[in-house]
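Note that ligands are numbered from 1 as they come in the structure, with each ligand's atoms numbered from 1 the same way. Remember, it's a predicted structure, so these values are computed and weren't measured experimentally.
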Amino acid sequence: MNEKKCEAVLEKYKEEKGSIISILQDVQEAFGYVPEDIVFWFSEKLNIPASNFFGVVTFYAQFYLKPRGKNLITACCGTACHVKGAEPIINRMRADLAIAEGENTTADGKFTLENVACVGACSIAPVLIINKKVYGSMTADNASRMLREYEKSSHR
Ligand code: FES
């Protein structure tokens with residue numbers, strides 16, 4: 001745990017009540033996610049139950065309790081994408097990336113694969129978003145090829 005980073009955040013919010021969201025935003029900014037031990041650290045320092053922090057973390061999709069991969073893949077699982085074969089694409093990517101059951105990030109931290117509901121691009125379903133770039137009319141083969149490209153560019 002990086003106590004210096006935490007102290008800096010604490011200093012900023014010590015006097016403020018109801019600043020849980022702001023603290024969590026700063027923690028995530030500093031660490032890239034919200035580490036559990038840091039939640040407990042703040043809970044103790046501010047005398048706020050850790051459950052209050054975790055309640056906020058789990059309520060808002062913007063917070064992550066686990067580190068995310070360098071490359072972020074968002075697979076749309078809305079109705080149009082589902083009907084047009086999102087599931088086999090997702091299964092293929094999970095297999096290609098060897099993402100363990102119950103996880104969504106590769107063991108080497110290079111990729112995180114998340115599922116979301118409709119991203120509003122149904123006319124080009126099935127849709128993938130990789131590092132904020134939208135790809136439509138995906139197939140499992142195309143997705144697989146693209147992963148290899150991203151894998152290569154991660155080495156550069
Ligand atoms: S269902 Fe995938 S973009 Fe709408």
Is the closest side-chain donor-acceptor distance between N142 and R145 under 3.5 Å?
yes
Check the hydrophobic clustering (I, L, V, M, F, W, Y; side-chain heavy atoms under 4.5 Å; chains of links allowed) and say if L10 and V34 are grouped together.
yes
How about T139 and D141: does a side-chain donor come under 3.5 Å of a side-chain acceptor?
no
Does K4 pair with E7 as a salt bridge, N-O distance under 4.0 Å?
no
Under 3.5 Å side-chain donor-acceptor pair for Y150 and N131
no
Name the residue from I124, I90, V127 that meets the side chain to side chain contact (heavy atoms under 4.5 Å, CB included) definition with C76.
V127
Could you grab the protein N, O or S atoms closer than 2.8 Å to atom 4 (Fe) of ligand 1 for me?
C118 SG, C122 SG
